[in-house]
Asks: 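Please read through the structure below; I'll follow up with questions.
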Amino acid sequence: MNLPEQFSETEIIERILNGEKSFYELIVRRYNSYLYKVGRSYNYNHEDTQDLMQDTYIDAYKGLAQFEERSNFKTWLIRIMMNNCYRKREKSSFKNEIMKDINDQSKPLFSGSDKDTHKIVHNRELGNVIEKALQNIPFDYRMVFSLREMNGLNVAETAELLDISESNVKVRLNRAKGMLRTEIEKSYTGEELYEFNLIYCNAMVDSVMREINKL
């Protein structure tokens with residue numbers, strides 16, 4: 001179903017809660033790329049990440065009436081995804097990674113202005129390099145980098161999702177950039193970072209909407 005994109009989140013949620021399930025397609029299309037990046041940042045493969053995304057969308061649909069607009073919808077949805085990723089990791093007997101000493105003296109990830117990081121992260125030529133490098137850095141740093149630089153959350157939203165202080169967010173982000181810097185400088189080829197392209201997006205929409213229509 002082709003739905004207009006100009007609806008606000010509030011309007012979409014109201015329409016869904018009033019029984020127009022088809023509007024949930026807008027939610028799925030709008031947030032696929034964000035959830036995909038979160039799943040891959042947990043080092044889940046493509047297939048497992050898609051399963052976690054579907055679970056997240058179903059959970060969010062079931063809990064939509066409890067969503068409080070005092071919080072950001074994207075943050076709320078990412079939190080559900082993170083919880084699902086965490087539970088899957090616990091069930092799979094993953095060991096928690098040990099925090100290493102954190103310092104805020106690392107060099108900037110890129111030589112240019114720090115404000116350009118988000119733009120550079122999504123550069124097609126750098127994507128594959130960053131993805132591979134991220135898989136090798138400790139989880140705590142990887143998640144801060146994912147939420148801040150890949151998903152565009154601000155410091156306060158990131159701190160809330162990870163249950164750490166805003167200063168820790170800043171320190172961990174700097175440390176993550178330091179860990180990634182050397183790898184990024186080695187090569188500048190590869191596909192878009194954690195790209196969830198239209199083919200996968202449409203498949204996810206179809207899968208989620210089938211489950212939603214059963215509810």
Side-chain angles (χ1 to χ4, degrees), residues 32-50 52-53 74-75 78-79 81-90 92-196:
N32 266 338
S33 63
Y34 298 107
L35 299 191
Y36 189 73
K37 293 168 189 173
V38 170
R40 294 303 300 273
S41 293
Y42 274 80
N43 279 354
Y44 291 122
N45 63 28
H46 177 75
E47 290 73 20
D48 286 342
T49 296
Q50 288 193 109
L52 286 161
M53 289 169 66
K74 181 170 74 172
T75 302
I78 289 177
R79 183 186 296 280
M81 179 67 173
M82 289 175 62
N83 287 338
N84 285 336
C85 290
Y86 177 79
R87 283 194 291 269
K88 179 176 177 62
R89 188 175 65 169
E90 289 298 294
S92 301
S93 299
F94 280 101
K95 295 182 179 180
N96 291 327
E97 293 179 282
I98 300 175
M99 279 291 296
K100 295 182 178 180
D101 293 336
I102 303 175
N103 67 74
D104 57 359
Q105 303 300 317
S106 60
K107 298 179 182 178
L109 178 58
F110 304 105
S111 58
S113 171
D114 214 38
K115 66 181 180 181
D116 294 328
T117 300
H118 181 71
K119 177 180 178 181
I120 297 174
V121 163
H122 290 83
N123 185 300
R124 185 175 300 275
E125 296 179 351
L126 299 180
N128 194 46
V129 175
I130 298 175
E131 178 175 358
K132 290 180 179 179
L134 279 173
Q135 294 174 357
N136 296 320
I137 72 174
F139 175 75
D140 296 292
Y141 304 113
R142 186 166 69 239
M143 287 308 303
V144 168
F145 187 89
S146 173
L147 295 176
R148 286 283 290 120
E149 303 297 346
M150 293 161 60
N151 280 317
L153 299 186
N154 61 36
V155 173
E157 291 169 335
T158 303
E160 178 187 354
L161 282 172
L162 299 178
D163 195 24
I164 60 177
S165 68
E166 293 186 16
S167 60
N168 277 341
V169 169
K170 297 174 182 178
V171 170
R172 292 186 190 184
L173 179 59
N174 285 337
R175 181 59 175 156
K177 290 176 182 179
M179 292 175 176
L180 293 171
R181 189 184 66 255
T182 301
E183 293 297 324
I184 292 170
E185 291 174 347
K186 290 179 181 178
S187 176
Y188 294 93
T189 60
E191 299 177 351
E192 182 82 16
L193 174 64
Y194 293 164
E195 184 175 4
F196 199 74

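Please read all numbers here as calculations on a predicted model, not as lab measurements.
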Asks: Can you give me the closest heavy-atom contact between L153 and R148, atom names plus distance?
Replies: O-NH1, 2.7 Å
Asks: What's the separation between atom CG in N84 and atom CG in L52, rounded to the nearest 0.5 Å?
Replies: 6.5 Å
Asks: Atom NZ in K88, atom OG1 in T49: separation rounded to 0.5 Å?
Replies: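 Interatomic distance, K88 NZ to T49 OG1, rounded to 0.5 Å: 9.0 Å.
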Asks: Quick check: closest heavy atoms across I137 and A176, and the distance to 0.1 Å?
Replies: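 So the minimum-distance heavy-atom pair works out to CD1-CB, 4.3 Å.
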Asks: Return the set of residues passing side-chain contact (heavy atoms from CB on, under 4.5 Å) with D163 (not counting sequence neighbours), or none when no residue passes.
Replies: none
Asks: Does the side-chain contact (heavy atoms from CB on, under 4.5 Å) test come out yes or no for L162 and M82, once each step is laid out?
Replies: CA-CA 9 Å; L162 299 178; M82 289 175 62; 3.4 Å; yes
Asks: Out of T75, L147, I78, which residue meets the side-chain contact (heavy atoms from CB on, under 4.5 Å) rule with T158?
Replies: L147
Asks: List the atom of K37, the atom of N151, and the distance in Å for their closest heavy-atom pair.
Replies: CD-OD1, 3.6 Å
Asks: Which atom pair, heavy atoms only, marks the closest approach of K74 to Y34?
Replies: NZ-CE2, 3.7 Å
Asks: What's the separation between atom SG in C85 and atom CE in M53, rounded to the nearest 0.5 Å?
Replies: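 That separation rounds to 10.0 Å.
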Asks: Which heavy atom in Y42 sits nearest to a heavy atom in Y86, and how many Å separate them?
Replies: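 Looks like CE2-N, 4.1 Å.
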Asks: Where is the tightest heavy-atom contact between S41 and S146, given as atom of each residue plus distance?
Replies: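 For S41 versus S146, the nearest heavy atoms are OG-OG, 2.9 Å.
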Asks: With a 4.5 Å cut-off on side-chain heavy atoms, are H46 and Y36 touching?
Replies: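 Side chain of Y36 against side chain of H46, heavy atoms only: contact under 4.5 Å found.
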Asks: Output all residues satisfying side chain to side chain donor-acceptor pair (under 3.5 Å) with E157, sequence neighbours left out; order by chain, then residue number.
Replies: none
Asks: Show, in sequence, the C-alpha distance, side-chain angles and deciding distance for R79 and E160, and conclude whether the side-chain contact (heavy atoms from CB on, under 4.5 Å) test is met.
Replies: CA-CA 9 Å; R79 183 186 296 280; E160 178 187 354; 3.1 Å; yes
Asks: Please round to the nearest 0.5 Å and tell me the distance separating atom CE of M150 and atom CE of M143.
Replies: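 The CE atom of M143 is 9.0 Å from CE of M150, to the nearest 0.5 Å.
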Asks: Not counting sequence neighbours, which residues clear side chain to side chain donor-acceptor pair (under 3.5 Å) with S167? List them please.
Replies: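 For S167, the residues satisfying side chain to side chain donor-acceptor pair (under 3.5 Å) (neighbours in sequence not counted) are S165.
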